[in-house]
2 protein chains.
Amino acid sequence: MASPTAAPRAFIQQQNLVEQVADYLTQAIIQQHFLPGERLSEVQLSRDLGVSRAPVREAARLLESRGLLISKPRRGFFVRALNAVELEDVFDLRLCLERHAIERLAERYTADAQRALKQQVEVLCEAAAGNDGTRRIEEDLQFHRLMLHYAGNERLLRAFDDLSHELRLCITLITKTHEAPDTIATSHFKLLDALDSGSPDACREAIDYHIGVARDFVVKGVGETGDSSDEDSADEDVLPR
Amino acid sequence: MASPTAAPRAFIQQQNLVEQVADYLTQAIIQQHFLPGERLSEVQLSRDLGVSRAPVREAARLLESRGLLISKPRRGFFVRALNAVELEDVFDLRLCLERHAIERLAERYTADAQRALKQQVEVLCEAAAGNDGTRRIEEDLQFHRLMLHYAGNERLLRAFDDLSHELRLCITLITKTHEAPDTIATSHFKLLDALDSGSPDACREAIDYHIGVARDFVVKGVGETGDSSDEDSADEDVLPR
DNA sequence: CTTGGTAAAACTGTCGACAGTCGGCAATCG
DNA sequence: CGATTGCCGACTGTCGACAGTTTTACCAAG
């Protein structure tokens, strides 16, 4: 519990309770105020947040669709716990999406896209030099989000956004130390160079390398992370048809 | 408005009201008993189905996450209307996922996988020979789902499942005529052959061809399908950050 | 000390109700 | 006659409550 990260905007207080609750839960999960596998009680949360159960329920459903929570019928919601295999899967899917995106992007690499990406890398480098780990991650994700955006497939972008929540979870949950600012900078500049070259092969190589580094960086920290596999028969829940 | 399809009552009283409502809505949308862009009233639906608004709301949120509905704050839920661009995007993402899947599958093509896929192709051929268009589509999707499954990445499979709902929408919404049984059969056998050969290039070529055919088959029927773009500023909703 | 069963407590799924808000319509004004 | 403004109805967002089920606590027997 404890206080939710940043206080909600001074904007308008009473609008979109669901989204406010969702943000609160997201932050609480990522900052590990809720432990992986922990059960969340609807009534407890609604009491703590001072709202009724309805918005809490909807927010929980939202987080479930984003892969941060898991619901078991009649049991409630549990914080998603990722094991090593699931972690690999997440990064493999990321690779899948970004490979496709950079390929599409290379085909239609406009000056606008180039400018936006370059600028975002600068922002990222600036963030990497600072101490705010969260901001560094966000700016990094934003760079990749821009790549997906300029690739020109909105559905692809949505798939990435869906995945990005789990990605955030993986990264913040496991990463203890941070990449060196230099590494981050050069790693992203390589992507820009590959795009400038216009060569699909170079792009693919660059993105493979880039994501490989990120994956290794996260995976190496997975000793005993959290185990979500207990009672399931390991096959049936995968193919319920 | 207009009353929904079949008489509402007669099928409730089991558990999982939410899922039942979701299934009902899904079928109604796919079978075009609700027209694209049409607004769905929560109270209307809850009256028709004989349940309260809570499960209707949750089901609608579920369908929203699956891309079948769109919610506008304070306005309610609307049936998703796909324009030509969104249609292209869906098939492009499908290509992205299946390319990756078949690549992974080729690396670990077990006898089990081979057997299961062959069997499913047979089931599909059988279905293609019949008259049930829905079953043909389902068996086709199931074949591809099996491919994704045996590729060994559950997260990838989930991404495909998410997409498959929209895929179903695209296919059933637009396709007037059906592919010839022969075409379906040979098209899938080519995939099996490519997998048997173990060549990544052959696999990629096969899946590109396969999905290209399916896409062309659907896209060619898109004259005036449904236009979802009206009041949005076309840029802001894509990059809200 | 362990084990098995029963009862209480807590929780989820579902329901009906209320208030604020949005869109449409009509009356009014220029 | 057209545009503007105020009103009305409908609907969503949110709330508190109830019933059935699951979990936990407790007690007794081995």
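The analysis underlying the following values was restricted to heavy atoms, covering all of them including side chains, and did not include hydrogens, waters or symmetry mates. Residue numbers start from 1 in every chain, and the chains themselves are labelled A, B, ... in the order their sequence lines are given, proteins ahead of strands.
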Using whole Å, what does the distance between atom [atom2] of nucleotide [N] and atom [atom1] of [X] come to?
X	N	atom1	atom2	value
Phe77(B)	dG13(D)	CZ	C1'	11 Å
Glu42(B)	dC18(C)	CD	P	18 Å
Leu40(A)	dT12(C)	CG	P	9 Å

Can you tell me if Arg75(B) touches the phosphate of dG23(C), counting only side-chain N or O atoms and a distance under 4.0 Å to OP1 or OP2? yes
Side-chain N or O of Arg74(B) closer than 4.0 Å to phosphate OP1/OP2 of dG20(C): no
Does the separation of the ring centres of His144(B) and His149(B) fall below 6.0 angstrom? no
Within the structure shown, what part of the strands sits under 4.0 Å from Leu45(A) by heavy-atom distance: base, sugar-phosphate, or nothing? nothing
Decide whether His100(A) and Asn153(A) meet the rule of one side-chain donor and one side-chain acceptor closer than 3.5 Å. no
For Asp140(A), check salt bridge (Lys or Arg N to Asp or Glu O under 4.0 Å) against everything at least two apart and list the hits. none
Under 4.0 Å between a side-chain nitrogen and a carboxylate oxygen: does that hold for Glu86(A) and Arg155(B)? no
N-O pairing of Glu64(B) and Arg61(A) below 4.0 Å: no
Sequence-distant partners of Glu19(B), side-chain hydrogen bond (donor to acceptor under 3.5 Å, both in side chains), two or more places apart: Asn16(B)
Can you name the residues that form a side-chain hydrogen bond (donor to acceptor under 3.5 Å, both in side chains) with Asp162(A), not counting sequence neighbours? none
Between the protein and nucleotides 15-17 of chain C, are there any N/O to N/O pairs under 3.5 Å, and if so, what are the atom names and distances?
| unit_1 | atom_1 | unit_2 | atom_2 | d |
| --- | --- | --- | --- | --- |
| dC15(C) | OP2 | Ser52(B) | N | 2.8 |
| dC15(C) | OP2 | Ser52(B) | OG | 3.1 |

The helix from dC1(C)-dG30(D) to dG30(C)-dC1(D): angle between terminal helix axes, five bp per end, to the nearest 10 degrees, reads 20°
Residue list, side chain to side chain contact (heavy atoms under 4.5 Å, CB included) with Ala54(A), at least two apart or on another chain: Ser52(A)
